[in-house]
2 protein chains.
Amino acid sequence: MNKFTIKDIAKLANVSTATVSYFLNGNYAKMSINTRRKLADIISKTNYLPSTTARNLAKNENKTIGVSVADITNPFTSPVISGISERCEQYGYKMVFTNSNNDERREIENINRLRQEEVAGLIIDPVNPDGDIYNQLSNLYTVIVDRQSKRNLIDTIVTDNTKSVSEMTAKMVQKDYDDLYFISWPLDEVSTRIHRYTGFQQATHYAGDDHLLIVPYNYDLTTDTSFKDEVSQILGQTNKKIGFFTMNSRVLQELLKVTQSLAYNYASDFGVATYEEFEWMQLMRPGISCIRQDSFAIGYSAMEMLKNKIESKLTSEPKAKIKVIPTKEIIRESF
Amino acid sequence: MNKFTIKDIAKLANVSTATVSYFLNGNYAKMSINTRRKLADIISKTNYLPSTTARNLAKNENKTIGVSVADITNPFTSPVISGISERCEQYGYKMVFTNSNNDERREIENINRLRQEEVAGLIIDPVNPDGDIYNQLSNLYTVIVDRQSKRNLIDTIVTDNTKSVSEMTAKMVQKDYDDLYFISWPLDEVSTRIHRYTGFQQATHYAGDDHLLIVPYNYDLTTDTSFKDEVSQILGQTNKKIGFFTMNSRVLQELLKVTQSLAYNYASDFGVATYEEFEWMQLMRPGISCIRQDSFAIGYSAMEMLKNKIESKLTSEPKAKIKVIPTKEIIRESF
DNA sequence: CTGTTAGCGCGTTCAC
DNA sequence: GTGAACGCGCTAACAG
């Protein structure tokens with residue numbers, strides 16, 4: 001698709017490819033002012049672009065990284081990619097992108113496919129960071145984002161899950177709720193869910209799990225009334241002031257769909273707050289209190305960290321670090 | 001990062017690289033059952049993965065495409081990428097991803113960077129498809145998505161802009177509004193905005209542009225009252241029933257922020273409908289009527305089209321086609 | 001100042 | 001079952 005190569009340019013200018021190469025690399029001392037002008041002219045006229053792949057090959061460098069995200073349709077993901085891509089641009093890296101669609105098998109395929117390529121490093125937003133495939137990855141060239149592995153062998157960038165939820169929940173506790181509930185997709189050992197739940201428990205001092213409400217992933221209100229029934233039962237108690245903390249924006253949406261179908265209104269009939277912020281939460285009346293996480297910074301830092309590792313050319317795997325990106329509390333009128 | 005090469009495997013098995021290559025390609029006739037077993041064993045134990053890049057090189061094939069999106073943070077974009085990535089997976093292509101952040105200069109850089117790579121084709125969600133850079137692109141290996149160029153030289157996938165807006169607006173017209181307004185970011189010759197506006201005009205039969213309201217891109221209500229004042233003036237008229245159609249979800253958000261600050265409520269004080277659908281529009285009370293576009297299908301079809309072009313190995317540029325992806329009307333209570 | 005040429009990487013494939 | 005040339009486009013050491 002790119003017609004011109006260094007040979008074509010050399011031919012057009014009646015010089016050798018070496019001269020063209022020197023020109024491309026700003027090595028002007030090696031040619032006359034005339035050929036320099038001629039080359040500048042020809043290259044701009046032909047729109048010739050040297051192949052970076054060939055360049056990397058010749059220089060024995062590699063400026064491409066592989067990215068695997070758990071689910072591109074999750075609104076959390078876009079800003080992460082944006083951050084990675086911003087840093088890639090600045091560092092002169094290109095990125096090969098894959099999406100696992102929340103499917104662990106697909107994630108394994110993607111990671112393997114990326115490793116087959118000549119890729120200098122990997123940034124992974126994992127479906128399951130405790131899967132076997134992660135044993136084959138080295139901390140020399142990998143950064144994980146969002147979900148943490150229990151093994152903790154690879155550098156990971158996370159947000160302030162436990163602390164921020166604990167602080168927000170504490171604010172709810174102060175409002176004298178009779179019962180607070182944490183609503184989540186099945187915990188399934190997913191670190192983000194567990195850490196947020198831990199924050200909730202720290203603030204409420206609930207001992208068991210009877211204040212944990214699970215909503216199925218891709219919950220369909222019309223065919224499965226389990227979650228709706230639980231919520232209905234909780235809100236149906238007379239003279240009890242109830243509050244919910246939802247584990248992310250999609251769980252919040254499930255809760256609101258259910259409470260609307262039951263004809264309860266948040267803020268007046270019950271209190272609510274959520275992890276994650278999106279603009280619509282400010283448009284809803286009353287506004288919804290939430291925890292804003294800086295997903296862009298997650299991606300940005302991940303690429304920063306990866307580049308430093310790659311270019312420091314370590315020979316043995318560094319000890320895994322965890323970097324925590326702070327969140328921000330947004331208090332509105334929903335509780 | 002991938003330690004093992006075909007040479008390592010050959011050495012470990014005490015055979016030549018040729019034999020390993022034959023094994024990898026299922027060419028078992030060329031070796032004894034013993035070496036076949038030995039190789040199977042060694043390859044699984046070492047987790048050896050042949051480099052697809054080298055393979056492409058040797059076979060003179062190229063299974064990677066480049067993608068440039070206008071703005072990854074636009075919620076329209078994720079499903080498009082998801083569709084592209086799904087098809088890439090199915091076709092065995094990998095994708096190199098870039099984001100232009102709504103900056104035309106950046107878009108030019110990205111496209112050039114992608115062309116520098118050995119990339120078999122390009123899918124572009126353009127910032128400005130009428131920019132000069134598009135003259136350098138060939139319809140042999142490019143597909144454009146969402147925004148159309150006036151020159152119409154390159155295959156493009158769009159949605160049903162004019163027709164769907166016209167139909168939705170017609171429904172508003174039936175409700176006896178005294179005035180309907182189309183709200184948009186500056187038209188700036190952007191095809192999606194113009195086509196949607198055209199649909200609005202078709203249904204309302206307004207002649208001039210006095211029913212077109214422009215909200216600045218990244219409008220900040222606190223420092224710029226221009227748009228707010230216009231809305232205030234329109235809604236302040238006594239005894240007039242007013243309706244708005246917003247050009248996308250972000251413009252809708254701007255409108256709602258403004259009307260909320262003016263203490264007007266949609267549905268009761270004025271009617272509203274919008275292009276684009278997101279789940280929160282169903283959570284807002286009253287629910288917001290909108291036009292659902294199938295962004296996933298846009299990406300999916302784009303990769304389909306691109307693959308067909310690339311692999312048909314045409315020698316002259318095909319005449320540009322426009323493929324229209326249908327939308328769906330969602331009627332709720334907002335007008 | 002300019003040209004020649006042997007690599008760079010790793011798999012493929014043909015002649016033996 | 002093997003050795004070795006080959007595919008790509010660029011780089012850089014060396015020769016002139």
Side-chain angles (χ1 to χ4, degrees), chain A residues 1-40 42-43 46-64 92 94 113 115-120, chain B residues 1-40 42-43 46 48-64 92 112-120:
Chain A
M1 102 174 216
N2 217 5
K3 291 175 283 232
F4 291 102
T5 73
I6 200 170
K7 273 187 199 154
D8 299 315
I9 304 299
K11 211 169 285 170
L12 284 170
N14 273 317
V15 296
S16 72
T17 60
T19 308
V20 180
S21 175
Y22 289 137
F23 177 88
L24 292 172
N25 292 288
N27 224 330
Y28 303 129
K30 295 224 172 198
M31 70 198 71
S32 70
I33 187 75
N34 268 337
T35 51
R36 181 173 166 182
R37 287 210 186 108
K38 194 160 44 167
L39 282 173
I42 291 173
I43 286 170
T46 53
N47 289 310
Y48 163 70
L49 297 167
S51 153
T52 48
T53 312
R55 219 167 199 167
N56 286 342
L57 175 60
K59 287 198 165 175
N60 220 339
E61 279 189 348
N62 187 347
K63 290 261 205 174
T64 111
K94 65 183 177 197
R113 210 137 36 85
R115 299 206 303 156
Q116 280 176 54
E117 315 305 329
E118 267 83 74
V119 150
Chain B
M1 101 174 214
N2 218 5
K3 290 175 286 230
F4 292 102
T5 73
I6 201 169
K7 272 187 199 154
D8 300 315
I9 304 299
K11 211 170 284 172
L12 285 170
N14 271 319
V15 295
S16 71
T17 60
T19 307
V20 179
S21 175
Y22 290 135
F23 177 89
L24 292 171
N25 292 287
N27 223 330
Y28 302 129
K30 295 227 173 193
M31 71 200 72
S32 72
I33 186 75
N34 270 335
T35 51
R36 178 173 168 181
R37 287 210 185 107
K38 194 159 44 165
L39 282 172
I42 289 173
I43 286 170
T46 53
Y48 163 69
L49 298 166
S51 153
T52 48
T53 312
R55 221 166 197 166
N56 287 342
L57 175 60
K59 288 199 164 173
N60 220 338
E61 279 188 349
N62 187 348
K63 291 263 206 172
T64 112
N112 280 334
R113 209 137 37 85
L114 290 171
R115 299 205 302 156
Q116 280 176 55
E117 315 304 327
E118 267 83 74
V119 149

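This one's a predicted model, so the numbers in the text were calculated from it and none came from an experiment. Naming convention: chains lettered A, B, ... in sequence-line order (proteins, then strands); numbering from 1 in each chain.
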Looking only at side-chain atoms of [X], point me to the closest of [options].
X       : options               : result
A/Leu57 : C/dC8, D/dG7, D/dG3   : C/dC8
A/Ser32 : D/dG1, C/dC1, C/dG9   : C/dC1
A/Tyr22 : C/dC10, C/dG3, D/dC10 : C/dG3
B/Thr35 : D/dG1, D/dC10, D/dT2  : D/dG1
A/Thr5  : D/dT11, D/dG9, D/dG3  : D/dG9

Separation of [N] [atom2] from [X] [atom1] (nearest whole Å):
X       : N      : atom1 : atom2 : result
A/Asn27 : C/dG3  : CG    : P     : 15 Å
A/Lys59 : D/dA13 : NZ    : C1'   : 15 Å
A/Lys7  : D/dT11 : NZ    : C1'   : 14 Å
A/Met31 : D/dT11 : CE    : P     : 12 Å
A/Asn14 : C/dC1  : CG    : P     : 19 Å
B/Asn56 : C/dG9  : CG    : P     : 19 Å
B/Phe23 : D/dT2  : CZ    : P     : 14 Å
A/Leu24 : D/dT11 : CG    : P     : 6 Å

Is the backbone N or O of [Y] less than 3.5 Å from a side-chain atom of [X], with the two atoms forming a donor-acceptor pair by type?
X       : Y       : value
A/Asn56 : A/Thr53 : no
A/Lys38 : A/Ala13 : yes
A/Asn47 : A/Leu49 : no
B/Asn27 : B/Ala29 : no

If you assign each of B/Ala54 and B/Ile33 to its closest nucleotide in DNA chain D, which residue comes earlier from the 5' end?
B/Ile33

Would you mind telling me which residue lines up with the more 5' stretch of DNA chain D, B/Thr19 or A/Ser21, judged by nearest nucleotide?
B/Thr19

Assign B/Val20 to base, sugar-phosphate, or nothing according to its heavy-atom contacts below 4.0 angstrom with the strands shown.
nothing

About how many Å separate OH of B/Tyr22 and CE of B/Met31, when rounded to the nearest 0.5 Å?
9.0 Å

Does a side-chain N or O from [X] land closer than 4.0 Å to OP1 or OP2 of [N], or not?
X       : N      : answer
B/Asn25 : C/dT12 : yes
A/Tyr48 : D/dC10 : yes
B/Thr17 : D/dT2  : no

First of B/Arg55 and A/Asn60 reached from the 5' end of DNA chain C, by closest nucleotide
A/Asn60

